[in-house]
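Shown next, in structure tokens, is the structure this report addresses.
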Amino acid sequence: MGTLQQDGKTFHLLPWTALGRAPGATIRLDDPRVSGAHAVLSWSEAWQIQDLGSRNGTFHNGQRLEAGQRPALSVGDRLRFGAEGPELVLTDDSAPVAMALPAGGGAPVLAAQGLLSLPNALSPVAQVFEDQERWFFESEGGTLRPVQSGDWVTVAGGRFQLSLPAAWVSTREGDQRLQLGLCTLVFGVSPDEEHVDLHLQQGPQRLELPHRAHHYTLLTLARSRLRDRAAGVAAGEEGWEDPERLARRLGLSTNAFFVQLCRARAQLAEAGVEGASGLIERRAGGKLRLAATELRLDRGEAAPLATR
């Protein structure tokens, strides 16, 4: 995602980033040569900068911007606010990503592959993700609601303000990363079911995932789809489960069950899998199912191996 640096300090760019001396500026530059609302950086297929009628001007690589001028930026470009004012350097010119800004300041929490895990990626208990060009917040306990950029959410006692791009940036042409919708999920199950391996297969590409407790939860959801499939249930109806009942079967609280789903999505996103946020489907009434349709169970598994 886009970043600026000044004297070793890094600033992460929002899709619309205001720079200036005013307390409400996204990046506050506390210098008397800087106007309250000095300039704005925005994303439109590339980062662009525009002066906001500042008294001392905005300079791009040493050239003062004219009124209305919005040059595209690239890595290494120097931005100065006032002829002798503070200078910042663009160190990353990639597209903006979803992020959560902690109340009271501090480092933002950044999304991976379009999935924003809160309060952080290491201990996710809630997530923000995009589905059909809308953003949703799945809170602790599994409640799902639509959100938009600027909304505040509370997770694990902390408050975060969301910064969400207008739409998720599509994969570049020729990008060879795995895409969840094209992958087969392959579960390796020990005879005593004490250990579940999971890897993703997309053509010749294979991604081994480190063992995690949530693999058994995904295995249970995969079995539901495969058993319904073997029984001839229509594709649109196979595999739906009531989360509270399923949590009890797994010996988990409902909250712990949804935390495991958060961690499953986060593991895929961190591994670079496109579409990780769509791992679980939900429908009216609260039921959910594993979204993946290409499934295989190996090594001692007795459940049907039918695929569609």
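It should be emphasised that the depicted structure is a prediction, and the values quoted were computed from it without experimental measurement.
A donor-acceptor pair under 3.5 Å is absent between the side-chain atoms of Thr58 and the main chain of Asp51, judged by distance alone. A donor-acceptor pair under 3.5 Å is absent between the side-chain atoms of Ser277 and the main chain of Gly114, judged by distance alone. In terms of modelled atom types and a separation under 3.5 Å, the side chain of Ser94 and the main chain of Met1 share a donor-acceptor contact. For the pair His38 (side chain) and Gly57 (backbone), a donor-acceptor distance under 3.5 Å is present. Side-chain atoms of Arg78 never come within 3.5 Å of backbone atoms of Val89 as a donor-acceptor pair (strictly under, hydrogens ignored). Although no hydrogens or angles enter the test, the distance criterion places no donor-acceptor pair under 3.5 Å between the side chain of Thr154 and the main chain of Gly157. Between the side chain of Arg21 and the backbone N or O of Val34, at least one donor-acceptor pair lies under 3.5 Å. Side-chain atoms of Arg289 come within 3.5 Å of backbone atoms of Glu238 as a donor-acceptor pair (strictly under, hydrogens ignored). A donor-acceptor pair under 3.5 Å is absent between the side-chain atoms of Ser123 and the main chain of Pro119, judged by distance alone. A donor-acceptor contact shorter than 3.5 Å links the side chain of Ser35 to the backbone of Arg55.
The number of heavy-atom neighbours closer than 6.0 Å to CZ of Arg134, taken from other residues, nucleotides and ligands shown, is 12 or below. Counting non-hydrogen atoms of neighbouring residues, nucleotides and ligands closer than 6.0 angstrom, the CD atom of Gln63 reaches no more than 12 such neighbours. Within a 6.0 Å radius of CZ in Arg245, other residues, nucleotides and ligands contribute 12 heavy atoms or fewer.
Under the 4.5 Å side-chain heavy-atom criterion for Ile, Leu, Val, Met, Phe, Trp and Tyr, Leu88 and Trp47 are members of the same hydrophobic cluster. By the criterion of side-chain heavy atoms lying less than 4.5 angstrom apart, applied directly or through intervening Ile, Leu, Val, Met, Phe, Trp or Tyr residues, Leu52 is not grouped with Trp43; the two fall into different hydrophobic clusters. Linking ILVMFWY side-chain heavy atoms closer than 4.5 Å, directly or via other members, places Phe59 and Leu65 in two distinct hydrophobic clusters. Under a hydrophobic clustering in which Ile, Leu, Val, Met, Phe, Trp and Tyr are joined whenever their side-chain heavy atoms come within less than 4.5 Å, directly or via other members, Ile280 and Leu182 fall into different clusters. Each of Leu295 and Trp240 belongs to its own hydrophobic cluster when Ile, Leu, Val, Met, Phe, Trp and Tyr are linked at side-chain heavy-atom distances under 4.5 angstrom.
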Step-by-step side chain to side chain donor-acceptor pair (under 3.5 Å) determination, Arg263 to His214:
CA-CA 7 Å; Arg263 290 176 175 170; His214 57 253; over 6 Å; no

Are Glu244 and Thr254 close enough, and set up right, to give a side chain to side chain donor-acceptor pair (under 3.5 Å), and what steps lead you there?
CA-CA 6 Å; Glu244 293 186 3; Thr254 303; 4.8 Å; no

Walk me through whether Leu101 and Leu162 qualify under side chain to side chain contact (heavy atoms under 4.5 Å, CB included).
CA-CA 6 Å; Leu101 310 171; Leu162 303 177; over 6 Å; no

Could you walk me through whether His195 and Asp197 pass the side chain to side chain donor-acceptor pair (under 3.5 Å) check?
CA-CA 7 Å; His195 191 88; Asp197 292 322; 2.8 Å; yes

Could you give me the CA-CA distance, side-chain angles and deciding distance for Gln127 and Ser139, then say whether side chain to side chain contact (heavy atoms under 4.5 Å, CB included) is met?
CA-CA 7 Å; Gln127 289 176 326; Ser139 63; over 6 Å; no

Could you go through the salt bridge (charged side-chain N to carboxylate O under 4.0 Å, His left out) check for Glu66 and Arg64 one step at a time?
CA-CA 7 Å; Glu66 302 293 337; Arg64 183 166 181 160; over 6 Å; no

Is there a side chain to side chain contact (heavy atoms under 4.5 Å, CB included) between Val75 and Thr91 once you walk through the steps?
CA-CA 5 Å; Val75 170; Thr91 50; 5.7 Å; no

Determine, step by step, whether Ser190 and Asp192 satisfy the side chain to side chain donor-acceptor pair (under 3.5 Å) criterion, reporting the C-alpha distance in whole Å, the side-chain angles of both residues, the deciding distance to 0.1 Å, and the verdict.
CA-CA 5 Å; Ser190 64; Asp192 59 6; 2.7 Å; yes

Evaluate Leu19 against Leu41 for side chain to side chain contact (heavy atoms under 4.5 Å, CB included), listing each step before the verdict.
CA-CA 8 Å; Leu19 300 99; Leu41 277 160; 3.9 Å; yes

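The shortest non-hydrogen separation linking Pro210 to Gln267 is O-NE2, 2.9 Å. Scanning both residues, Glu140 and Asn255, for their nearest heavy atoms gives C-OD1, 3.5 Å. Across every non-hydrogen atom of Cys183 and Leu178, the tightest pair is SG-CB, 3.9 Å. Of all heavy-atom pairs between Pro124 and Cys262, the closest is O-CB, 4.0 Å. Scanning both residues, Phe257 and Ala247, for their nearest heavy atoms gives CB-CB, 3.8 Å. Between Leu115 and Ala269, the shortest heavy-atom distance links the atoms CD2-CB, 4.0 Å.
Under 4.0 Å is where a charged nitrogen must lie from a carboxylate oxygen, and between Arg33 and Asp31 at least one such pair does. We find that Lys287 and Glu281 are not joined by a salt bridge, their nearest charged nitrogen and carboxylate oxygen being 4.0 Å or further apart.
Side-chain contact between Phe136 and Arg145: absent, with no pair of heavy atoms (C-beta onward) separated by less than 4.5 Å. Tyr216 places a side-chain heavy atom less than 4.5 Å from the side chain of Leu250. Under the 4.5 Å side-chain criterion, counting only non-hydrogen atoms from C-beta, Leu144 is in contact with Arg282. Looking only at side-chain heavy atoms (C-beta outward), Leu13 and Ile27 come within less than 4.5 Å of each other. The side-chain heavy atoms of Thr17 and His12, taken from C-beta on, include no pair separated by under 4.5 Å.
Between Glu241 and the options Arg283, Arg223, Arg225, Arg249, a salt bridge (Lys or Arg N to Asp or Glu O under 4.0 Å) holds for only Arg249.
One finds the CZ atom of Arg265 at 11.0 Å from the CG atom of Leu180 (value rounded to the nearest 0.5 Å). We find the CG-CZ distance between Leu118 and Phe137 to be 6.5 Å, quoted to the nearest 0.5 Å. Taking OG from Ser224 and CG from Leu290, the interatomic distance works out to 9.5 Å, rounded to the nearest 0.5 Å. Between the CD atom in Gln48 and the OG atom in Ser42 there is a gap of 5.0 Å [rounded to 0.5 Å]. Rounding to the nearest 0.5 angstrom, the gap separating the CG atom in Leu73 from the NE2 atom in His60 is 5.0 Å. In this structure, CG on Leu198 lies 5.0 Å from CZ on Phe187, to the nearest 0.5 angstrom.
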